[in-house]
Amino acid sequence: MEFEPLDQYLQRRKKLTEIEALGYPAHPHKFDWTHTPRQISERFGASTSEELSSQNVEVQVAGRIVALRPHGKAGFAHLAGDGAKIQIYVRLDVVGDQAFKLFQLLDLGDIAGVRGHLFRTKTNELTVKVERLQLLTKALLPLPEKWHGLADTEMRYRRRYLDLIGNEKTREIFLRRAQVVRELRRFFDERGYVEVETPMMHPILGGATARPFTTHHNTLDMDLYLRIAPELYLKRLVVGGLERVYEINRNFRNEGIDAIHQPEFTMLEFYQAYSDGPALMDLTEELLRGLAEKICGGANVSFGEREIDFSRFERLSMREAIRKFWPAAAGVAPSKEELIAKNGPRKIVERYNTFARPKGLDTIDEDENASAGELIGELFEAIAEQHLVQPTFIHDFPVEISPLAKRREDDPSLAERFELFVAGMEIANGFSELNDPDDQERRFREQVEKGGQEMPKEVDVDYIRALSHGLPPTAGEGIGIDRLVMLFTDSHAIREVILFPLLRHAAEADAAAAGQDTPVKPSDDRSDNRSQ
RNA sequence: AGGGGCGUAGCUCAGUGGUAGAGCAGCGGCCUUUUAAGCCGAAGGUCGUGGGUUCGAUCCCCACCGCCCCUACCA
């Protein structure tokens, strides 16, 4: 296979042949390094020239050549590895003819290993004076531009490896992401939760409301859904006596792609028996405050123009939030009584739409079949959601939009449920789990009757059976890991925190390289499954 | 899906109704403490794709493809 830029590709292949002709293996198996570039700068970064020469430090270090400055019979290069760089200095009179010829055949991007002693140059840069040079891997393709890195966003996502080599910020984001996940695991492990893995392929849709991806198992001749949420399996485990469980894994939802949505995204879900929704709000505060401190060094985290303060979490009921953020221009905010009244929400929606329509703002769908609770949910989203920049729990969700949550003891129209919003994004969703099998069955049946692509086609009978065996009072919560990482890395697009975000069909050049004709583009008969 | 923006050398970007330019990378040469190394020389392009307008299009118009932003669905 050959790749563009072809002239450079062929040139590098030629050099590799010449390197082999010099007696060096093209693909050596192993390199015994004593230090990574980072370790050298960490351990000897403070050593003076005199200290280095008196200590006579010998190192073996490997890395990718990211800078190359030949000077006739000598030359400098930088090896990058472990997130740091170390300069190497190669002299003909030190390494000898053969190794110097090798040096001259090296290119930017090659992986090399050297042995030598540390010293400081005239400009005081810590440098390895090379005594032995080896090619470890030839790069047959050139690196992106050396000081702008790779800027084209599409290329950055499609060829993330180049983005990671060229853009330090990208590397930083994904190291931080790993740190977030590590801290989450530590948090839950310390508190006696058991990490589990539940199925990614579900025979029945459940645990959330979303359009699924479908697939098929051939041997079992069985249609399956990629899971939209692990919830119903995790609660089965609580029935089974795993009283504290968590899972960090992917969910798949066949819906829109934008700055905060990707079809596969990572979710933490956790459940604990003998607890309830309000208790989880406290736990969530503790979790996020601790994460902010560990990941960002303090409770205040910059996000774009703003500072987000993870030391204070506001709590508002959904109805309070609607009142609080009701636009002044839309007249008097709805009263508590109006929000509770049977036809109140519908009238409020009409009032809001009368205000919003002429202004070109989003209006709320005045669906005749929509329940009061559904309208409250929509009012909240239209009016309040985008204002929730500082960490804010919204609690007391209408039960109609919370099919898996337990009702409040003092008000059966409300679910004991909350969502956490930060920077206008929904970050977490938790509640007291509905453990009454009769109520759950009723709500499942309503979903099936309601129909639609995001609703289950059948009642999950086994889940009702599990509840019938007895789910202890339990609280559960889901936290969107990608969005959390966005907050802690000041990233404003979910694609920035997902290594390989889903993009449209790959470029034609790839298909050409693979020896195909232009990529297969479904022609006319695709309208049904492609249109949204 | 609707509205807006972008697509020029391998990369980062200029530019123009008269068939294109810089820096980096690559190639040849000089150079034994450079670091955006330097100096000299040569090369590199169906200007996203396909139509249209025009004597002539990379530029103007239309369609399509891809990416980005906003809106809608959604977490």
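Proteins get letters first, then strands, A, B, ... in listed order; numbering begins at 1 in each.
In this structure, Leu68(A) places its CG atom 11 Å from C1' of A25(B), rounding to the nearest Å. Here the P atom of nucleotide G10(B) and the CZ atom of Arg156(A) are 21 Å apart, to the nearest Å. Counting to the nearest Å, the P atom of C68(B) and the OH atom of Tyr157(A) are 7 Å from each other. Between the NE2 atom of His71(A) and the C1' atom of C30(B) there is a distance of 13 Å, rounded to whole Å. Look at CG on Leu92(A): it is 13 Å from C1' on C31(B), rounded to the nearest Å. Spacing between atom CZ of Phe100(A) and atom P of C31(B) amounts to 11 Å, rounded to whole angstrom units. Regarding Asp110(A), its CG atom lies at a distance of 10 Å from the P atom of G26(B), rounded to whole Å. Between Glu145(A) atom CD and C11(B) atom C1' there is a gap of 6 Å when expressed in whole angstrom units.
In this structure, of C67(B), C27(B), U32(B), it is C67(B) that holds the atom nearest to the side chain of Glu154(A). With U34(B), U32(B), U33(B) as the choices, the nucleotide that has an atom nearest any side-chain atom of Ala74(A) turns out to be U32(B). Residue His148(A) places its side chain closer to U12(B) than to any other of U12(B), C11(B), U34(B). Nearest to the side chain of Ala259(A), among U34(B), C70(B), U33(B), sits C70(B).
Between Tyr246(A) and Tyr271(A), the gap from one ring centroid to the other reaches at least 6.0 Å.
Sparse packing is recorded around CD of Glu168(A), with 12 or fewer heavy atoms of other residues, nucleotides or ligands lying under 6.0 Å away. By the neighbour-count criterion of 12 heavy atoms within 6.0 Å, atom NZ of Lys169(A) is densely surrounded, having more than that number from other residues, nucleotides or ligands. For Arg250(A), the CZ atom sits in a loose shell: 12 or fewer heavy atoms of surrounding residues, nucleotides or ligands are nearer than 6.0 Å.
U54(B) and A14(B) have their P atoms separated by 32 Å, with the value rounded to a whole Å. Look at the P atom in both U19(B) and G41(B): the space between them is 26 Å, to the nearest Å. Nucleotides U46(B) and C6(B), compared at atom P, are 23 Å apart to the nearest Å. Spacing between U58(B) and U53(B) at atom C1', rounded to whole Å, works out to 16 Å. For the C1' atom pair drawn from A20(B) and U8(B), the interatomic distance equals 9 Å after rounding to whole Å. To the nearest whole angstrom, the two P atoms, one in G3(B) and one in C64(B), are 11 Å apart. Annotation: G2(B) and C59(B) have their P atoms spaced 25 Å apart (nearest Å). U71(B) and G15(B) have their C1' atoms separated by 34 Å, with the value rounded to a whole Å.
Under 3.5 Å, the side chain of Gln87(A) and the base of U34(B) form at least one donor-acceptor pair of N or O atoms.
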Q) Which is it for Thr266(A) and Asn251(A) under the side-chain contact (heavy atoms from CB on, under 4.5 Å) test, yes or no, and what are the steps along the way? A) CA-CA 6 Å; Thr266(A) 303; Asn251(A) 289 342; over 6 Å; no
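Residue Asp258(A) is in base contact, counting any heavy-atom pair closer than 4.0 Å across all strands shown. At the heavy-atom level, Glu454(A) lies nowhere under 4.0 Å from the strands shown. At the heavy-atom level, Gln8(A) lies under 4.0 Å from base atoms of the strands shown. Residue Arg483(A) is in base contact, counting any heavy-atom pair closer than 4.0 Å across all strands shown. Among the protein residues, Gln262(A) comes within range of the nucleic acid bases, having at least one heavy atom under 4.0 Å from a base atom. Within 4.0 Å (heavy atoms only), Met155(A) reaches sugar-phosphate atoms of the nucleic acid but no base atom. When heavy atoms are screened at a 4.0 angstrom cut-off, Phe119(A) is found touching base atoms of the nucleic acid. In this structure, Asp93(A) reaches the bases: a heavy-atom distance under 4.0 Å links it to at least one base atom across the strands shown. Among the atoms of the strands shown, only primed sugar atoms or phosphate atoms (P, OP1, OP2) are found under 4.0 Å from some heavy atom of Ala151(A). Heavy atoms of Leu150(A) sit under 4.0 angstrom from primed sugar atoms or phosphate atoms, though from no base atom. Residue-level contact check: Gly478(A) touches neither bases nor backbone, having no heavy atom under 4.0 Å from any strand.
Ranked by how close their nearest RNA chain B nucleotide is to the 5' end, Leu106(A) and Ala493(A) are led by Leu106(A). Comparing His492(A) and Asp152(A) by the nucleotide of RNA chain B that holds the closest heavy atom to each, the one mapping nearer the 5' end is Asp152(A).
Remark: ring of Phe265(A) stacked against base of A75(B); centroid gap under 5.5 Å, plane tilt under 30°.
Of the side-chain N and O atoms in Gln11(A), one or more sit less than 4.0 angstrom from OP1 or OP2 of C27(B). A close approach under 4.0 Å does occur between a side-chain nitrogen or oxygen of Arg158(A) and OP1 or OP2 of C67(B). Distances shown here put every side-chain N or O of Arg69(A) at or beyond 4.0 Å from the OP1 or OP2 atom of U33(B). Between Arg495(A) and the phosphate of C69(B), there is a side-chain N or O to OP1/OP2 separation shorter than 4.0 Å. Considering only side-chain N and O atoms, Lys15(A) lies under 4.0 angstrom from the phosphate OP1 or OP2 of C27(B).
Between Phe3(A) and Tyr9(A), the two ring planes are perpendicular [angle over 60°; tilted spans 30° to 60°].
Checking each of Glu269(A), Glu264(A), Glu247(A) against Arg227(A) for a salt bridge (Lys or Arg N to Asp or Glu O under 4.0 Å) leaves exactly one that passes, namely Glu247(A). Checking Leu106(A), Leu22(A), Leu105(A), Ile65(A) one by one against Leu135(A), the side-chain contact (heavy atoms from CB on, under 4.5 Å) holds for a single residue, Leu106(A).
Applying the ring pair (Phe, Tyr, Trp, His ring centres under 6.0 Å) test to Phe100(A) and every residue at least two apart in sequence or in another chain returns Phe103(A).
Remark: side-chain polar atoms of Arg443(A) are paired, donor with acceptor, to backbone N or O of Ser402(A) under 3.5 angstrom.
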Parsed dot-bracket for RNA chain B after applying the Watson-Crick and G-U rules with both distances under 3.5 Å and | for other-strand partners is (((((((..((((....[..))))..((((.......))))......(((((..]....))))))))))))....
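The cationic atom of Lys129(A) (NZ for Lys, CZ for Arg) lies less than 6.0 Å from the six-membered ring centre of Phe119(A) and within 45° of the ring axis.
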